[in-house]
> 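Handing you this structure, nothing more for now.
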Amino acid sequence: MIGLCDMRSFYASCEKVFRPDLRGASVVVLSNNDGVIVACDPESKAAGIKKFEPYFKQLELIEQAGIHAFSSNYELYGEISSRIMDTLAALAPNDIEIYSIDECFIDFGGVPPEQLKPLGRSFRDAIWQEQRIRMGVSIGPTKTLAKLGQYATKVLPKIEGVCVLEHEHQWQWLAERVAVSEVWGVGRRLTQKLKAMGITTAAGLAAMSEANARALQGITLVRTIQELNGEAVIDMELEPPPKQQIISSRSFGQKQTHLQSLQEAASNHAARAGEKLRAQSSVCYRLSAWAETSRFETNRYSDDLCMSFPGGTADSRTLSRAAADVMARVFRQGLRYAKVGVVLHDIRAASFSQRDLLIPENRASGQVMQLMDGLNKRFGSGSVKLARQAGATRFAMRRELKSPNYLNSWHDLPRIRVN
DNA sequence: TCTGGGGTCCTAGGACCC
DNA sequence: TCTGGGGTCCTAGGACCC
């Protein structure tokens with residue numbers, strides 16, 4: 001059996017941990033640059049707040065309803081997350097897979113069925129006790145059914161946040177009552193297509209033939225259906241598989257009009273992507289970079305170019321030079337750029353990389369990068385960077401409503417006033 | 001002032017080769 | 001009059017996730 005632990009409205013809950021005055025209040029959390037709302041608690045949802053809709057469009061509602069809005073504080077969420085995951089890893093009977101910042105799968109293999117529910121409940125209690133974060137625990141024979149069980153923990157108060165789907169009739173009962181859009185792997189587009197075919201519930205999807213599923217959405221949907229029927233085909237991933245593609249991109253806080261700005265930003269992204277590449281001991285053979293104006297401008301413009309590295313590279317200097325070169329070639333005077341980004345493709349394990357007879361090997365490259373990564377890890381990212389990269393505050397995000405870094409900064413430690 | 005996230009994987013279809 | 005293969009590589013765009 002596989003369990004799924006899911007933190008309730010995680011970012012919004014984190015904002016309440018050090019603000020007891022906000023417990024019971026409505027809270028939303030904004031994306032980078034205060035662009036869209038990425039997290040809302042049940043209270044703000046009830047007030048009509050929509051996730052992934054622009055903040056500025058919901059500002060009026062937020063003020064009217066007395067909702068507290070926060071810029072995202074990833075330092076805080078990341079720290080709380082890692083404490084939670086440590087606690088769960090220590091409690092878990094077997095391995096855990098950290099699936100996202102607020103979710104993890106737990107392998108419950110070998111646990112007697114009658115102990116699943118009490119165990120799930122004890123995990124939930126432990127996280128509330130130690131971190132003051134609400135968590136739902138759902139357990140089923142497959143990851144997709146465990147995900148489905150989360151729905152039950154949210155809408156059925158009597159199960160008190162813990163759902164165990166042990167027998168087929170239990171998940172069938174649930175699948176008949178859950179909208180197909182709630183199924184893991186079913187997004188907006190697929191929901192529409194399924195609706196046109198008369199499929200509106202998870203049970204309806206589970207009954208679809210493999211041929212139809214393959215035609216409709218390929219192998220991913222076939223797997224989803226197998227999992228809905230209790231056949232585990234999506235394995236636990238104890239260590240994340242190496243990425244086949246690495247992206248770093250970000251919208252600017254303010255529109256940029258100069259080539260040099262784009263180059264500095266693209267260099268940042270190349271360096272960040274390079275860090276991720278080295279972290280998984282890979283090299284890449286191609287890099288593409290792009291620059292775009294706002295999606296919402298009438299004359300939307302976007303251009304990209306690809307550069308290749310015949311011998312493969314994981315060196316931030318090579319990557320950032322390539323990214324800056326791309327910017328020089330796609331840049332157009334007079335445009336207001338909203339975003340640039342870098343993608344690494346053709347990623348292979350560094351140990352398998354072929355050396356090219358005609359390309360001199362830079363023996364020092366690995367050592368220089370290792371040193372750079374080590375310093376940045378120890379003294380904070382950005383402590384050592386390339387001259388081509390932007391200064392730390394150059395492209396500061398708009399984060400006007402950020403809470404203090406309660407857990408990562410001496411200056412931001414919570415203060416308690418004793419009268 | 002004037003606003004609109006970030007990241008990953010899959011696949012259909014084009015281009016090309018023999 | 002009307003037909004004509006099979007495979008690989010590459011990439012843009014689609015779709016999904018949180």
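These figures come from a predicted structure and were not determined experimentally. Sequence lines set the chain letters: A, B, ... in the order given, protein chains first and strands last, and positions in each chain run from 1. All heavy atoms count here, side chains included; hydrogens, waters and symmetry mates do not.
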> How many angstroms lie between atom CG of Leu319(A) and atom CG of Leu344(A), to the nearest 0.5 angstrom?
6.0 Å
> Measure from the ring center of Phe395(A) to the ring center of Phe252(A) and say whether it is less than 6.0 Å.
yes
> Reckon Ser294(A) touches a base, only the sugar-phosphate, or nothing at all at heavy-atom distances under 4.0 Å?
nothing
> With a strict under 4.0 Å distance from non-hydrogen atoms of chain A, what nucleotide opens and what nucleotide closes the contacted stretch of DNA chain C, reading 5' to 3'?
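The footprint of chain A covers dT11(C) to dC18(C).
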> Taking any heavy-atom pair under 4.0 Å as a contact, classify Lys255(A): base, sugar-phosphate, or nothing.
sugar-phosphate
> Find out whether Lys50(A) and Ile37(A) are in side-chain contact, i.e. whether some heavy atom of one side chain is under 4.5 Å from a heavy atom of the other.
no
> What about Trp184(A) and Tyr99(A), are their ring centers closer than 6.0 Å?
yes
> Sticking with atom P, work out how far dG4(B) lies from dC18(C), rounded to a whole angstrom.
25 Å
> Tell me what Asp102(A) touches on the nucleic acid: a base, only sugar-phosphate, or nothing, going by heavy atoms under 4.0 Å.
sugar-phosphate
> With sugar-phosphate meaning primed atoms plus P, OP1 and OP2, does Arg272(A) contact a base, only sugar-phosphate, or nothing at under 4.0 Å between heavy atoms?
sugar-phosphate
> Mapping Ser31(A) and Gly218(A) to their closest nucleotides on DNA chain B, which lands nearer the 5' end?
Ser31(A)
> Contact class for Ile101(A) vs. all strands (heavy atom < 4.0 Å): base, sugar-phosphate, or nothing?
nothing
> Give Glu53(A) one of three labels, base, sugar-phosphate or nothing, depending on what nucleic acid heavy atoms sit under 4.0 Å from its own.
nothing
> Remember a base hit wins even if backbone is also touched, and classify Val343(A) as base, sugar-phosphate or nothing at under 4.0 Å, heavy atoms.
nothing
> Any strand is fair game: report the nucleotide pairing with dC18(B) by Watson-Crick or G-U wobble, both distances under 3.5 Å, or none.
dG5(C)
> Under 4.0 angstrom, heavy atoms only, what part of the nucleic acid is Gln254(A) near: base, sugar-phosphate, or nothing?
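Gln254(A): no heavy atom of the nucleic acid under 4.0 Å.
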> Would you check if Phe105(A) and Lys143(A) make a side-chain contact, meaning some heavy-atom pair closer than 4.5 Å?
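Heavy-atom side-chain distance check passes, below 4.5 Å.
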> What's Lys243(A) touching, base or sugar-phosphate or nothing? Going by heavy atoms closer than 4.0 Å.
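Answer is sugar-phosphate: Lys243(A) comes under 4.0 Å of backbone atoms only.
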> For Arg286(A), report the nucleic acid contact type (base, sugar-phosphate, nothing); a contact means any heavy atom under 4.0 Å.
sugar-phosphate
> Heavy atoms under 4.0 Å, any strand shown: does Leu30(A) hit a base, just sugar-phosphate, or nothing?
nothing
> In terms of side-chain geometry, is the basic nitrogen of Arg336(A) or Glu297(A) positioned less than 4.0 Å from the acidic oxygen of its partner?
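So Arg336(A) pairs with Glu297(A) through a salt bridge.
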> Can you check ring-ring contact (aromatic ring centres under 6.0 Å, His included) on Tyr11(A) and Phe70(A), steps first, answer last?
CA-CA 9 Å; Tyr11(A) 295 173; Phe70(A) 289 92; over 10 Å; no
> Want to settle it: does Tyr55(A) or Lys339(A) sit nearer the 5' end of DNA chain B, counting the closest nucleotide to each?
Tyr55(A)
